[in-house]
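Working notes for the structure below.
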Amino acid sequence: MADIKHRIGIMGGTFDPIHLGHLILGEKAYEQFRLEKVLFMPSGNPPHKRNRQGRATDEERVEMVRRAITGNPHFELSLTEMHENGYTYTYHTLEMLKEKNPDTDYYFIIGADSLYDFDTWREPERICRNCILVTAVRNHFTIAELEAEMNRLSLKYNGTFLTLNTTNLDVSSEMLRNWISEDKSVRYYIPDPVIEYIRENQIYSLAEKKG
């Protein structure tokens, strides 16, 4: 019966802005785990990023994702977490999806930084109960360190943590927002249609500079 299960990837995040690192992770997860599709799911009101001053609006972030994934038949925009009532929690989203689609295995894609923060997430055991967690590597951590942490979390929360075998791209949305606000080039870091949209709407150009 296990072979009948659908396999769907989830790439969540604020996507403020979405960049090629996100797209590469989604594509490699699709390939490595033989997924049917990958849902790109912008967070509507993420609890860990409550100060949204100088950032893109929900509508702008959704449109950037839409433009970034256009042309890829196995990438799909999901508005599941785009709502105005309260903060968005991963465990609740996953439980809702599993209730609607009990025949689907969800592969939730996270970065190494999120892996090390996983203990602080709301209801981590409920997250593990409803998805397989796929971890991408980062320069800050060795493979051995990541595997040790994945083993620890797997035992603690009775979860399944898998390593995503992909090129290590240390690109962050924060870095790109700063570059845009400083009028630096982000070409080849962000898809051209998204760059065009950012310019047309002057997103991030008035963002406050740190320091």
Interatomic distance, F161 atom CZ to C131 atom SG [nearest 0.5 angstrom]:
8.0 Å

Listed by chain and number, what are the side chain to side chain contact (heavy atoms under 4.5 Å, CB included) partners of L20, not counting sequence neighbours?
L23, P191

Non-neighbouring partners of E76 that pass salt bridge (charged side-chain N to carboxylate O under 4.0 Å, His left out), sequence neighbours left out
K37

Minimum heavy-atom distance between A56 and M64, given as atom pair plus value
CB-CE, 3.8 Å

Roughly how far apart are D105 CG and K98 NZ, rounded to 0.5 Å?
5.0 Å

Test salt bridge (charged side-chain N to carboxylate O under 4.0 Å, His left out) applied to E27 - qualifying residues, sequence neighbours left out:
none

Does anything in residues 193-205 form a salt bridge (charged side-chain N to carboxylate O under 4.0 Å, His left out)? List the pairs, not counting sequence neighbours.
none

Which value, rounded to the nearest 0.5 Å, describes the distance between T80 atom OG1 and L97 atom CG?
5.5 Å

List in chain and number order the residues that pass ring pair (Phe, Tyr, Trp, His ring centres under 6.0 Å) with H22, two or more places apart in sequence or in another chain; answer none if no residue qualifies.
F15, H19

Rounded distance (nearest 0.5 Å) linking atom CE of M82 with atom CG of L77
9.0 Å

Mind listing the closest non-hydrogen atom pair of K5 and T104 along with its distance?
CD-N, 4.3 Å

Does a sphere of radius 6.0 Å around CG in N158 hold more than 12 heavy atoms from other residues, nucleotides or ligands, not counting ones at 6.0 Å or beyond?
no

Which heavy atom of P42 sits nearest a heavy atom of V62, and at what distance?
CG-CG2, 4.4 Å

Across all chains, not counting sequence neighbours, the ring pair (Phe, Tyr, Trp, His ring centres under 6.0 Å) partners of Y106 are none

Please check if the side chain of Q32 supplies one atom and the backbone of N165 the other of a donor-acceptor pair under 3.5 Å.
yes

Minimum side-chain heavy-atom gap P17-Y204 below 4.5 Å
yes

Using a 3.5 Å distance criterion without hydrogens, assess whether the side chain of R177 forms a donor-acceptor pair with backbone atoms of R55.
no

Quick check on the hydrophobic clustering: are L146 and L155 connected, directly or via other members, by side-chain heavy-atom contacts under 4.5 Å?
no

Does R7 reach the main-chain N or O of R34 with its side chain, forming a donor-acceptor pair under 3.5 Å?
no

What pairs with Y116 under ring pair (Phe, Tyr, Trp, His ring centres under 6.0 Å), at least two apart in sequence or on another chain?
F141

Residue pairs involving residues 110-122 (criterion salt bridge (charged side-chain N to carboxylate O under 4.0 Å, His left out); sequence neighbours excluded)
D113-R138, D119-R152, D119-K156

I195 and I198: side-chain contact (heavy atoms from CB on, under 4.5 Å), yes or no, with the steps?
CA-CA 5 Å; I195 293 177; I198 289 171; 5.5 Å; no

Heavy-atom count check: over 12 atoms from other residues, nucleotides or ligands less than 6.0 Å from Y189 OH?
no

Residue set satisfying salt bridge (charged side-chain N to carboxylate O under 4.0 Å, His left out) with R67, at least two apart, ordered chain then number -> E63

Any donor-acceptor N/O pair, N130 side chain to E95 backbone, under 3.5 Å
no

Heavy-atom side-chain contact between T135 and M150 under 4.5 Å:
yes

Is there a path of hydrophobic side-chain contacts, each under 4.5 Å between heavy atoms of I, L, V, M, F, W or Y residues, that connects L153 with I143?
yes

Full working for side-chain contact (heavy atoms from CB on, under 4.5 Å) between T90 and W121
CA-CA 8 Å; T90 300; W121 288 29; 4.0 Å; yes

Please give me the minimum heavy-atom distance between L133 and C128, naming the atom from each residue.
CD1-SG, 3.9 Å

Partner residues of K100 under the side chain to side chain contact (heavy atoms under 4.5 Å, CB included) criterion, sequence neighbours left out
M96

When rounded to the nearest 0.5 Å, the distance separating CE of M11 from CZ of F75 is 7.5 Å

For E81 and S43, work out which heavy atoms get closest and say how close.
OE1-OG, 3.4 Å

In Å, rounded to the nearest 0.5 Å, how long is the span from CD1 of I110 to CG of L25?
11.5 Å

After noting the C-alpha distance and the side-chain angles of I8 and L39, does the key distance pass the side-chain contact (heavy atoms from CB on, under 4.5 Å) rule?
CA-CA 7 Å; I8 304 295; L39 304 178; 3.8 Å; yes

Just to verify, what does Y107 make a ring pair (Phe, Tyr, Trp, His ring centres under 6.0 Å) with, not counting sequence neighbours?
F33

Is the closest side-chain heavy-atom distance between I203 and Y197 below 4.5 Å?
yes

Carefully, step by step, assess Y91 and E125 under the rule side-chain contact (heavy atoms from CB on, under 4.5 Å).
CA-CA 9 Å; Y91 81 90; E125 65 285 346; over 6 Å; no

Checking Y30 now: which residues fulfil side chain to side chain contact (heavy atoms under 4.5 Å, CB included) with it, not counting sequence neighbours?
L35, V38, H74

Flag the pair T14 / S173 as yes when at least one side-chain heavy-atom distance between them is below 4.5 Å, and no otherwise.
no

Is the side chain of S154 donor-acceptor paired with the backbone N or O of G159 at a distance under 3.5 Å, no angle test?
yes

Identify the heavy atoms of W179 and S185 that sit nearest to each other, and give their distance.
CE3-O, 3.5 Å

